[in-house]
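Working notes for the structure below.
As the structure is a computational prediction, the values presented were derived from the model and not from experiment.
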Amino acid sequence: MQRRDFLKYSAALGAFSALPLWSRSAFAAERPALPIPDLLEADAQSRIRLTVQAGKTTFGKHTATSWGYNGNLLGPALKLQQGKQVNVEIRNQLSEETTVHWHGLEVPGSVDGGPQGVITPGKSRSVSFTPTQQAATCWFHPHQHGKTGYQVAMGLAGLVLIEDPHSQQLLLPKSWGVDDVPVIVQDKKFTAEGEIDYQLDMMSAAVGWFGDTLLTNGAIYPRHAAPRGWLRLRLLNGCNARSLNFAISDKRPLYVIASDGGLLAEPVAVTELPMMPGERFEVLVETRDGKPFDIVTLPVSQMGMSIAPFDKPHPVLSIQPLRVVASGMLPDKLVQVPALPSLEGLTQRTLKLSMDPMLDQMGMQALMDKYGAQAMGGMDHGAMMQHGGHGMNHGSMGAMEHSSHGLDLHHANRINGQAFAMDTPQFAAARGQHERWVISGEGDMMLHPFHIHGTQFRILSENGKKPAAHRSGWKDTVKVEGGVSEVLVRFEHDAPKESAYMAHCHLLEHEDTGMMLGFTV
């Protein structure tokens with residue numbers, strides 16, 4: 001450990017009461033071990049093979065049909081090297097079309113895997129690209145138009161680890177599955193028969209699909225035996241719609257070392273780490289004292305997401321330190337993050353996110369009817385009826401319910417007044433030039449985790465505020481929630497019309513119902 005004054009790390013620390021250690025319960029010994037995805041590297045011909053397939057997975061008392069890459073659920077972690085070409089062969093053994101999108105990778109539109117990159121049942125697609133960006137934890141998942149939420153809910157997701165010479169020289173924990181641990185957190189719900197219960201209906205199109213069972217790498221509250229010293233967690237919020245807020249049961253800090261696009265300039269200590277769907281953070285946690293602790297997610301004030309059991313802290317992962325001591329360290333400095341360039345004279349684009357007023361109101365009413373006031377995150381019924389600025393009374397609500405069959409869910413959410421149209425990109429960006437994108441969710445109280453393909457950007461402001469220290473590095477997802485956020489983007493690869501990049505809300509049910517646009521580079 002490099003000894004430095006840790007006051008700078010502690011400046012961001014908040015406080016919350018110590019939480020119970022769920023892992024000390026009588027059932028601790030029955031906890032499953034944390035599943036660790038295989039680390040898959042390219043072979044001698046620079047090839048990686050992925051098969052998209054169906055299988056069966058047991059989730060607690062449920063055994064359900066599930067989908068995975070090279071297995072029944074989720075997929076391997078792909079380890080790529082900066083500057084080294086990789087050829088990925090993807091075979092679709094599902095009974096429906098799918099795509100594979102490289103979320104967070106700066107690759108040309110032709111291999112990005114957006115909704116145009118369809119792989120039909122029984123067919124294959126091969127893509128070749130050379131990662132040029134810095135070391136980062138990215139991920140891959142489907143991007144099938146109108147069915148992304150369903151296919152992710154069925155289990156399709158996997159990590160992508162990019163390494164570069166600098167990251168390999170840092171004395172960070174690097175033993176995969178031991179002190180360098182993937183933590184993919186997702187929620188699911190199940191039918192009475194035990195199958196994954198996914199539906200794209202009025203309520204989920206409005207607020208998103210969320211479940212009552214939380215999974216970590218596909219397991220319910222697993223345990224991980226970690227060496228003493230420093231533990232590196234690669235966190236992915238892989239939920240369709242649920243935001244998470246990670247913390248540790250005994251209040252020890254999380255030292256954030258990387259965000260979506262790679263390492264920060266220096267570690268940032270936090271006691272709470274909010275994460276929206278699609279976001280990744282890498283954190284180091286000190287385990288030198290040998291005491292067990294839990295990774296938990298704290299309650300989140302997100303419409304529809306605070307239903308029990310998520311109205312109180314919920315355990316995600318139990319950490320049980322071993323006697324063996326790890327060799328990784330927490331460096332004082334991580335990587336040079338360039339200063340922001342001048343914003344004068346840049347092309348500026350405004351993206352206005354909106355929901356169909358009928359969907360907005362009917363979705364809110366359905367949520368209220370199903371779960372009551374608890375679902376509204378503290379919003380009273382009067383405020384709910386005024387949601388989105390479209391004040392309605394019970395009579396007009398009833399009239400809308402009778403006309404709900406006229407609402408096309410797949411075109412109910414929009415950007416700049418337009419629902420997604422596959423063959424109509426909204427604009428063209430110039431390769432190699434910075435642009436300032438202003439993304440507005442004003443008049444809409446919903447959370448929109450906004451994701452842009454083909455780039456890692458810098459957040460200029462997030463809902464009108466300066467980004468937090470750990471959100472000031474490279475990002476591909478920005479928070480838009482009832483306000484305006486600005487990002488500085490630049491694209492280094494081409495994306496022609498037939499394989500345009502996407503920009504969209506990563507609340508997957510919003511994406512599937514039109515809150516997405518294509519753009520060329």
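- Q186 places a side-chain N or O within donor-acceptor distance of the main-chain N or O of G238, the cut-off being under 3.5 Å.
- When all heavy atoms are compared, the tightest approach of H314 to L214 is CD2-CD2, 3.6 Å.
- Screening M516, H143, H101 for a side chain to side chain contact (heavy atoms under 4.5 Å, CB included) involving T148 leaves a single residue, H143.
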Next on the checklist: ring pair (Phe, Tyr, Trp, His ring centres under 6.0 Å), that's the test. Do F129 and W102 meet it? Break it down for me.
Outcome noted: CA-CA 11 Å; F129 54 84; W102 307 105; 5.7 Å; yes
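- The distance from atom CG of L159 to atom CG of N217, rounded to the nearest 0.5 Å, is 8.0 Å.
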Item to check | Audit row: N87, Q85, side-chain hydrogen bond (donor to acceptor under 3.5 Å, both in side chains) steps and yes/no | outcome: CA-CA 7 Å; N87 309 303; Q85 180 175 308; 3.0 Å; yes
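- A donor-acceptor contact closer than 3.5 angstrom is absent between the side chains of Q168 and Q82.
- If you check the side chains of T132 and E492, you find no donor sitting under 3.5 Å from an acceptor.
- Annotation: the span from I459 atom CD1 to L488 atom CG amounts to 11.5 Å, rounded to 0.5 Å.
- Just one residue in the list H141, H506, H510 forms a ring-ring contact (aromatic ring centres under 6.0 Å, His included) with H451, and that residue is H506.
- Heavy atoms from other residues, nucleotides or ligands lying under 6.0 Å from CG of D38 number 12 at most.
- A salt bridge links E279 to R471: one of the charged nitrogens lies within less than 4.0 Å of a carboxylate oxygen.
- Closest heavy-atom contact between V256 and L264: O-CD1, 3.6 Å.
- Other residues, nucleotides and ligands contribute more than 12 heavy atoms inside 6.0 Å of the NZ atom of K56.
- Not one N or O on the side chain of W176 forms a donor-acceptor pair closer than 3.5 Å with the backbone of P182.
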Item to check | Worked check of ring pair (Phe, Tyr, Trp, His ring centres under 6.0 Å) between F281 and F246 | outcome: CA-CA 11 Å; F281 284 103; F246 290 108; 9.5 Å; no
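- R458 contributes a side-chain N or O that, together with a main-chain N or O of P338, makes up a donor-acceptor pair within less than 3.5 Å.
- Here the side chain of N70 pairs a donor or acceptor atom with the backbone of R49 at under 3.5 angstrom.
- Of all heavy-atom pairs spanning P37 and G75, the tightest one is CB-O, 3.4 Å.
- Formation of a donor-acceptor pair under 3.5 Å by the R125 side chain with backbone atoms of I119 is not found in this model.
- Using a distance-only test at 3.5 Å, with no hydrogens or angles considered, no donor-acceptor pair links the side chain of Q151 to the main chain of P142.
- Residues D294 and Y221 bring a donor and an acceptor atom of their side chains to less than 3.5 Å of each other.
- Proximity of a side-chain donor or acceptor of S66 to a complementary backbone N or O of M154 within less than 3.5 Å is not detected.
- Across every non-hydrogen atom of N463 and E481, the tightest pair is OD1-N, 2.9 Å.
- Between the CG atom of L231 and the OH atom of Y255 there is a distance of 14.0 Å, given to the nearest 0.5 Å.
- Between the H224 side chain and the V178 main chain, a donor and an acceptor come within less than 3.5 Å of each other.
- The backbone N or O of G83 sits nowhere less than 3.5 Å from a side-chain atom of T130 that would complete a donor-acceptor pair.
- Between E286 and K291, no side-chain nitrogen of the basic residue sits less than 4.0 Å from a carboxylate oxygen of the acidic one, so the salt-bridge criterion is not met.
- Taking CG of L34 as the start and CD1 of I295 as the end, the distance is 11.0 Å to the nearest 0.5 Å.
- Contact between L94 and A54 at its shortest, heavy atoms only, is CD2-N, 3.8 Å.
- Residues T455 and D476 are not in side-chain contact: their nearest non-hydrogen atoms beyond the backbone lie 4.5 Å or more apart.
- A distance of 5.5 Å separates CD of E462 from OG of S485, quoted to the nearest 0.5 Å.
- To the nearest 0.5 Å, atoms OG1 (T477) and CG (N237) are separated by 10.0 Å.
- For R280 and E282, the salt-bridge test fails: no basic side-chain N is under 4.0 Å from an acidic carboxylate O.
- When only modelled atom types and interatomic distance are considered, N240 and E509 share a side-chain donor-acceptor pair under 3.5 Å.
- Judged purely by atom type and a 3.5 angstrom limit, T51 has no side-chain atom pairing as donor or acceptor with the backbone of R91.
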